[in-house]
Amino acid sequence: MDVPLITRLLATAALVAAVAGCAQAPGGGRTEMRAAAAQGNLSVANSKSAAAIFRAGNIAPGDTVSGTVRLANRGTLAGDLNLRQQDLRDLPGPNGGRLSQALRLAVDDVTRPGSATPVYAGTLAALGDRPLGRFAPGESRTYRFTAQLPDRGDPPSLTGGDNAFAGSSVSVRYIWRTTAAVASPPGSLRLSVRLVKRRLLRRGILDVYVRCDRPCRVASRARLMKRSTRRRAVELATVNKRGRMRLRVSRRTRAQVKRQLRHRRVRVRVYVRAKDTAGNTRTVTRRFALRKRR
(Lines give C-alpha, C1' and ligand atoms only; values in the text may rest on other atoms or scores of the structure.)
Protein backbone atom coordinates (compact mmCIF):
# COMPACT_ATOMS: atom_id res chain seq x y z
CA MET A 1 0.00 0.00 0.00
CA ASP A 2 1.30 3.42 -0.89
CA VAL A 3 2.25 5.81 1.95
CA PRO A 4 0.37 9.14 1.78
CA LEU A 5 2.43 11.99 0.33
CA ILE A 6 2.34 14.13 3.48
CA THR A 7 3.81 11.29 5.56
CA ARG A 8 6.70 10.96 3.13
CA LEU A 9 7.33 14.72 3.33
CA LEU A 10 7.50 14.69 7.13
CA ALA A 11 9.83 11.70 7.19
CA THR A 12 12.20 13.37 4.74
CA ALA A 13 12.15 16.60 6.72
CA ALA A 14 13.02 14.81 9.95
CA LEU A 15 16.02 13.19 8.27
CA VAL A 16 17.21 16.59 7.00
CA ALA A 17 16.90 18.07 10.48
CA ALA A 18 19.24 15.42 11.85
CA VAL A 19 21.96 16.72 9.54
CA ALA A 20 20.84 20.34 9.42
CA GLY A 21 23.76 22.48 8.32
CA CYS A 22 25.64 19.72 6.52
CA ALA A 23 26.38 19.96 2.84
CA GLN A 24 23.45 17.65 2.14
CA ALA A 25 20.97 20.07 3.68
CA PRO A 26 18.52 21.84 1.34
CA GLY A 27 20.12 24.88 -0.23
CA GLY A 28 23.65 23.76 0.64
CA GLY A 29 25.98 25.78 2.83
CA ARG A 30 26.95 25.26 6.44
CA THR A 31 25.72 26.27 9.85
CA GLU A 32 28.62 27.84 11.73
CA MET A 33 28.89 29.27 15.20
CA ARG A 34 31.83 31.26 16.52
CA ALA A 35 32.36 33.22 19.74
CA ALA A 36 35.55 35.22 20.20
CA ALA A 37 36.91 36.94 23.29
CA ALA A 38 38.51 40.35 22.94
CA GLN A 39 41.69 41.27 24.75
CA GLY A 40 41.06 42.53 28.27
CA ASN A 41 41.64 46.15 29.18
CA LEU A 42 43.05 47.91 32.20
CA SER A 43 44.66 45.33 34.52
CA VAL A 44 42.80 42.26 33.24
CA ALA A 45 44.78 39.55 31.43
CA ASN A 46 42.80 37.24 29.13
CA SER A 47 43.94 33.65 28.44
CA LYS A 48 42.24 33.64 25.04
CA SER A 49 43.45 37.06 23.91
CA ALA A 50 42.48 37.16 20.20
CA ALA A 51 41.54 33.46 20.02
CA ALA A 52 38.00 32.09 19.93
CA ILE A 53 36.35 30.80 23.08
CA PHE A 54 34.69 28.15 20.94
CA ARG A 55 34.09 27.45 17.28
CA ALA A 56 31.75 24.99 15.60
CA GLY A 57 30.86 24.17 12.00
CA ASN A 58 28.02 21.97 10.75
CA ILE A 59 26.25 22.14 14.08
CA ALA A 60 23.06 20.07 14.09
CA PRO A 61 19.97 20.13 16.35
CA GLY A 62 20.93 18.71 19.74
CA ASP A 63 24.64 19.51 19.35
CA THR A 64 26.54 21.35 22.10
CA VAL A 65 29.84 23.23 21.96
CA SER A 66 31.73 24.82 24.85
CA GLY A 67 34.96 26.57 25.77
CA THR A 68 36.56 28.33 28.73
CA VAL A 69 38.45 31.57 29.27
CA ARG A 70 40.61 32.51 32.25
CA LEU A 71 40.93 36.09 33.49
CA ALA A 72 43.52 37.42 35.92
CA ASN A 73 43.79 40.80 37.61
CA ARG A 74 47.51 41.56 37.44
CA GLY A 75 47.17 45.13 38.61
CA THR A 76 47.20 46.72 42.01
CA LEU A 77 43.64 48.06 42.06
CA ALA A 78 40.35 46.28 42.50
CA GLY A 79 37.68 46.90 39.91
CA ASP A 80 34.15 46.00 38.87
CA LEU A 81 34.22 43.33 36.15
CA ASN A 82 31.65 43.34 33.36
CA LEU A 83 30.98 41.05 30.39
CA ARG A 84 29.55 42.68 27.28
CA GLN A 85 28.29 41.05 24.10
CA GLN A 86 28.64 43.04 20.90
CA ASP A 87 29.22 42.79 17.14
CA LEU A 88 26.52 40.14 16.72
CA ARG A 89 26.40 39.05 13.08
CA ASP A 90 23.38 36.88 12.37
CA LEU A 91 23.20 35.64 8.77
CA PRO A 92 20.09 33.59 8.00
CA GLY A 93 20.32 30.73 5.53
CA PRO A 94 18.02 30.16 2.54
CA ASN A 95 15.20 29.09 4.88
CA GLY A 96 15.35 32.30 6.91
CA GLY A 97 16.24 30.94 10.36
CA ARG A 98 18.30 33.17 12.69
CA LEU A 99 20.61 31.17 14.94
CA SER A 100 20.96 33.90 17.57
CA GLN A 101 17.28 33.43 18.45
CA ALA A 102 17.52 29.63 18.62
CA LEU A 103 20.90 28.93 20.22
CA ARG A 104 20.84 28.50 23.99
CA LEU A 105 23.84 30.05 25.71
CA ALA A 106 25.00 29.34 29.26
CA VAL A 107 27.84 31.25 30.93
CA ASP A 108 29.11 29.86 34.24
CA ASP A 109 31.87 30.79 36.67
CA VAL A 110 33.82 27.52 37.06
CA THR A 111 36.77 28.92 39.03
CA ARG A 112 36.17 26.40 41.81
CA PRO A 113 36.47 22.81 40.53
CA GLY A 114 33.18 20.96 40.79
CA SER A 115 31.23 24.11 41.62
CA ALA A 116 29.73 26.23 38.85
CA THR A 117 28.09 29.59 39.52
CA PRO A 118 25.57 30.58 36.80
CA VAL A 119 26.15 33.97 35.17
CA TYR A 120 23.67 33.77 32.29
CA ALA A 121 21.30 31.26 30.69
CA GLY A 122 19.11 32.15 27.72
CA THR A 123 19.25 32.81 24.02
CA LEU A 124 22.50 33.95 22.46
CA ALA A 125 20.89 37.19 21.30
CA ALA A 126 19.77 38.33 24.77
CA LEU A 127 23.01 38.29 26.79
CA GLY A 128 23.76 42.02 26.54
CA ASP A 129 25.78 43.29 29.55
CA ARG A 130 26.43 41.15 32.63
CA PRO A 131 28.02 42.54 35.83
CA LEU A 132 30.42 40.00 37.36
CA GLY A 133 31.21 41.69 40.66
CA ARG A 134 34.37 42.98 42.29
CA PHE A 135 37.66 41.75 40.82
CA ALA A 136 40.45 41.94 43.40
CA PRO A 137 44.20 42.37 42.68
CA GLY A 138 45.83 38.97 42.15
CA GLU A 139 42.48 37.25 41.67
CA SER A 140 41.86 34.89 38.73
CA ARG A 141 38.60 33.49 37.41
CA THR A 142 37.59 30.91 34.83
CA TYR A 143 34.37 31.21 32.84
CA ARG A 144 32.79 28.49 30.73
CA PHE A 145 30.65 29.30 27.69
CA THR A 146 28.28 26.57 26.46
CA ALA A 147 26.06 26.88 23.39
CA GLN A 148 23.45 24.38 22.23
CA LEU A 149 21.13 24.21 19.26
CA PRO A 150 18.00 22.55 20.73
CA ASP A 151 16.40 19.60 18.94
CA ARG A 152 12.74 20.48 18.57
CA GLY A 153 11.70 17.18 17.01
CA ASP A 154 10.40 16.36 13.56
CA PRO A 155 10.18 19.45 11.36
CA PRO A 156 6.82 20.10 9.71
CA SER A 157 8.43 20.64 6.30
CA LEU A 158 11.73 20.87 4.44
CA THR A 159 12.01 24.56 5.35
CA GLY A 160 10.23 24.67 8.72
CA GLY A 161 11.19 23.72 12.26
CA ASP A 162 14.88 23.00 12.73
CA ASN A 163 15.34 22.97 8.95
CA ALA A 164 14.91 26.75 9.03
CA PHE A 165 18.52 27.05 10.31
CA ALA A 166 20.20 25.11 7.51
CA GLY A 167 22.92 27.28 5.99
CA SER A 168 22.63 29.95 8.70
CA SER A 169 25.64 31.35 10.59
CA VAL A 170 26.25 33.58 13.58
CA SER A 171 29.32 35.18 15.13
CA VAL A 172 29.62 37.30 18.24
CA ARG A 173 32.30 39.16 20.16
CA TYR A 174 32.68 39.29 23.95
CA ILE A 175 34.35 42.20 25.69
CA TRP A 176 35.62 42.10 29.27
CA ARG A 177 35.65 45.47 30.99
CA THR A 178 36.85 46.60 34.40
CA THR A 179 36.11 49.87 36.15
CA ALA A 180 38.64 50.62 38.87
CA ALA A 181 37.74 52.72 41.90
CA VAL A 182 40.01 55.76 42.05
CA ALA A 183 40.74 57.34 45.41
CA SER A 184 39.89 61.02 45.74
CA PRO A 185 42.90 63.34 45.89
CA PRO A 186 43.51 65.20 49.15
CA GLY A 187 42.07 68.65 49.68
CA SER A 188 38.71 70.14 48.87
CA LEU A 189 36.77 69.27 45.74
CA ARG A 190 37.34 71.70 42.90
CA LEU A 191 34.42 72.58 40.67
CA SER A 192 34.49 74.91 37.66
CA VAL A 193 31.25 76.26 36.17
CA ARG A 194 30.55 78.04 32.88
CA LEU A 195 27.15 79.32 31.76
CA VAL A 196 25.92 79.69 28.19
CA LYS A 197 22.81 81.87 28.34
CA ARG A 198 22.44 83.34 24.85
CA ARG A 199 19.37 81.18 24.10
CA LEU A 200 17.64 81.68 27.42
CA LEU A 201 15.03 84.23 26.33
CA ARG A 202 14.50 82.97 22.79
CA ARG A 203 14.32 79.23 23.42
CA GLY A 204 14.32 78.86 27.18
CA ILE A 205 17.67 77.04 27.25
CA LEU A 206 20.43 77.62 29.80
CA ASP A 207 23.46 75.36 29.40
CA VAL A 208 25.63 74.75 32.47
CA TYR A 209 29.10 73.32 31.74
CA VAL A 210 31.07 71.85 34.65
CA ARG A 211 34.38 70.14 35.44
CA CYS A 212 35.68 68.42 38.59
CA ASP A 213 39.25 67.64 39.61
CA ARG A 214 38.14 64.07 40.44
CA PRO A 215 35.26 61.72 39.54
CA CYS A 216 32.04 63.31 40.77
CA ARG A 217 28.33 63.76 40.32
CA VAL A 218 27.04 67.27 39.63
CA ALA A 219 23.49 68.62 39.89
CA SER A 220 22.15 72.03 38.94
CA ARG A 221 19.00 74.17 38.83
CA ALA A 222 18.22 77.81 38.06
CA ARG A 223 15.80 80.24 39.73
CA LEU A 224 14.19 83.30 38.18
CA MET A 225 10.88 85.13 38.66
CA LYS A 226 10.44 83.16 41.91
CA ARG A 227 10.34 79.94 39.92
CA SER A 228 12.90 77.13 39.70
CA THR A 229 13.79 75.03 36.69
CA ARG A 230 13.78 71.28 36.89
CA ARG A 231 16.92 69.90 38.51
CA ARG A 232 19.43 68.23 36.16
CA ALA A 233 22.44 66.04 36.98
CA VAL A 234 25.45 64.54 35.23
CA GLU A 235 27.99 61.84 36.18
CA LEU A 236 31.64 62.69 35.51
CA ALA A 237 33.65 59.47 35.79
CA THR A 238 36.92 60.98 34.52
CA VAL A 239 39.07 63.69 36.09
CA ASN A 240 38.51 67.09 34.41
CA LYS A 241 35.96 65.67 32.00
CA ARG A 242 33.50 68.32 30.87
CA GLY A 243 29.83 67.73 31.49
CA ARG A 244 26.74 69.65 30.43
CA MET A 245 23.39 70.13 32.11
CA ARG A 246 20.67 71.76 30.02
CA LEU A 247 18.22 73.70 32.15
CA ARG A 248 14.92 74.60 30.49
CA VAL A 249 12.74 77.59 31.34
CA SER A 250 9.02 77.20 30.66
CA ARG A 251 7.19 79.37 28.15
CA ARG A 252 5.09 80.84 30.94
CA THR A 253 8.15 81.93 32.88
CA ARG A 254 9.76 83.38 29.76
CA ALA A 255 6.65 85.42 29.07
CA GLN A 256 6.78 86.81 32.61
CA VAL A 257 10.46 87.63 32.17
CA LYS A 258 9.80 89.53 28.94
CA ARG A 259 7.03 91.57 30.55
CA GLN A 260 9.27 92.36 33.52
CA LEU A 261 12.11 93.46 31.25
CA ARG A 262 9.96 96.36 30.01
CA HIS A 263 10.45 98.00 33.41
CA ARG A 264 13.60 96.57 34.98
CA ARG A 265 16.14 93.81 34.75
CA VAL A 266 15.51 90.24 35.92
CA ARG A 267 17.95 88.52 38.23
CA VAL A 268 18.83 84.84 37.71
CA ARG A 269 20.54 82.49 40.14
CA VAL A 270 22.13 79.20 39.11
CA TYR A 271 22.94 76.65 41.81
CA VAL A 272 25.51 73.90 41.12
CA ARG A 273 26.46 71.18 43.59
CA ALA A 274 29.13 68.50 43.12
CA LYS A 275 29.85 65.39 45.19
CA ASP A 276 32.82 63.02 44.81
CA THR A 277 33.04 59.29 45.62
CA ALA A 278 34.39 60.02 49.11
CA GLY A 279 31.39 62.18 49.99
CA ASN A 280 33.12 65.56 49.67
CA THR A 281 30.86 68.28 48.30
CA ARG A 282 31.25 71.67 46.67
CA THR A 283 28.49 74.18 45.92
CA VAL A 284 28.79 77.10 43.52
CA THR A 285 26.17 79.83 42.98
CA ARG A 286 26.30 82.02 39.90
CA ARG A 287 24.24 85.21 39.53
CA PHE A 288 23.54 87.30 36.46
CA ALA A 289 20.92 89.72 35.24
CA LEU A 290 18.82 89.77 32.10
CA ARG A 291 18.38 93.22 30.60
CA LYS A 292 16.05 94.67 27.99
CA ARG A 293 17.50 94.51 24.52
CA ARG A 294 18.21 97.86 22.92
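For the numbers below, each heavy atom of this structure counts, side chains included, while hydrogens, waters and symmetry mates do not.
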Smallest separation among heavy atoms of G167 and P94, with atom names: CA-CD, 4.3 Å
Side-chain donor or acceptor of N95 paired with backbone N/O of N163 under 3.5 Å: yes
hydrophobic_cluster_shared for V193 and V218, side chain cutoff 4.5 Å: yes
Heavy-atom neighbours of R144 CZ exceed 12 at 6.0 Å: no
Joint hydrophobic cluster, V272 plus F288, side-chain heavy atoms closer than 4.5 Å: yes
4.5 Å side-chain heavy-atom contact, T123 and R104: yes
Euclidean distance, C212 SG relative to D276 CG, rounded to 0.5 Å: 8.0 Å
Spacing of CG belonging to L236 relative to CZ belonging to R214, to within rounding of 0.5 Å: 13.0 Å
Single-linkage hydrophobic cluster, 4.5 Å side-chain cutoff, V210 and V284 together: yes
Polar side chain donor-acceptor pair, R223 to S228, under 3.5 angstrom: yes
Rounded distance [0.5 Å steps], CZ in R259 versus CZ in R254: 12.5 Å
Under 3.5 Å donor-acceptor, D87 side chain and R173 backbone: no
Cluster overlap L71 with V110, hydrophobic side-chain contacts below 4.5 Å: no
Pair R134-D80, side chain to side chain contact (heavy atoms under 4.5 Å, CB included): steps then yes or no: CA-CA 5 Å; R134 204 68 165 169; D80 295 321; 2.9 Å; yes
Atom CZ of R267: over 12 foreign heavy atoms under 6.0 Å: no
Heavy-atom side-chain contact between T283 and T281 under 4.5 Å: no
Pairwise side-chain contact, V257 with V268, heavy-atom cut-off 4.5 Å (strictly under): no
Exercise: identify the closest heavy-atom pair between V172 and Q86: CG2-O, 3.7 Å
Rounded distance (nearest 0.5 Å) linking atom CG of N240 with atom CG of D213: 7.0 Å
Evaluation steps, side chain to side chain donor-acceptor pair (under 3.5 Å), between R273 and Y271: CA-CA 7 Å; R273 185 175 186 270; Y271 305 96; over 6 Å; no
Where R221 and R231 come nearest, the two heavy atoms and their spacing: CB-CA, 4.3 Å
D207 and its salt bridge (Lys or Arg N to Asp or Glu O under 4.0 Å) partner, picked from R232, R246, R248, R194: R246
A237 to P215 - nearest heavy-atom pair and separation: O-CG, 3.6 Å
side-chain hydrogen bond (donor to acceptor under 3.5 Å, both in side chains) partners for T111, two or more places apart: D109
Short side-chain to backbone donor-acceptor contact, R152 and G161, under 3.5 Å: yes
From L224, T229, V196, V270, residue fulfilling side chain to side chain contact (heavy atoms under 4.5 Å, CB included) relative to L206: V270
Gap between atom OH of Y143 and atom CG of L83 - 0.5 Å precision: 8.5 Å
Donor-acceptor contact present, side-chain S168 to main-chain G93, <3.5 Å: yes
Donor-acceptor contact below 3.5 Å, side chain Q85 vs main chain L124: yes
Worked verdict on T146 versus Q148 for side chain to side chain contact (heavy atoms under 4.5 Å, CB included): CA-CA 7 Å; T146 304; Q148 181 189 47; 5.7 Å; no
Single-linkage hydrophobic cluster V234~Y209, side-chain heavy atoms < 4.5 angstrom: no
Step-by-step side chain to side chain contact (heavy atoms under 4.5 Å, CB included) determination, Y174 to V107: CA-CA 12 Å; Y174 293 106; V107 182; over 6 Å; no
Distance, nearest 0.5 Å, that separates OG of S171 from CG of D90: 9.0 Å
Other residues, nucleotides, ligands: >12 heavy atoms within 6.0 Å of R130 CZ: yes
Residues which pass side-chain hydrogen bond (donor to acceptor under 3.5 Å, both in side chains) with Q101, listed by chain and number, not counting sequence neighbours: none
Least distance between heavy atoms, L191 atom then A274 atom: CD2-CB, 3.9 Å
Flag, side chain of N73 to backbone of F135, donor-acceptor distance under 3.5 Å: yes
Full working for side chain to side chain contact (heavy atoms under 4.5 Å, CB included) between M225 and V266: CA-CA 7 Å; M225 300 298 298; V266 175; 3.9 Å; yes
Nearest heavy atoms of P131 and N82, plus distance in Å: N-ND2, 3.7 Å
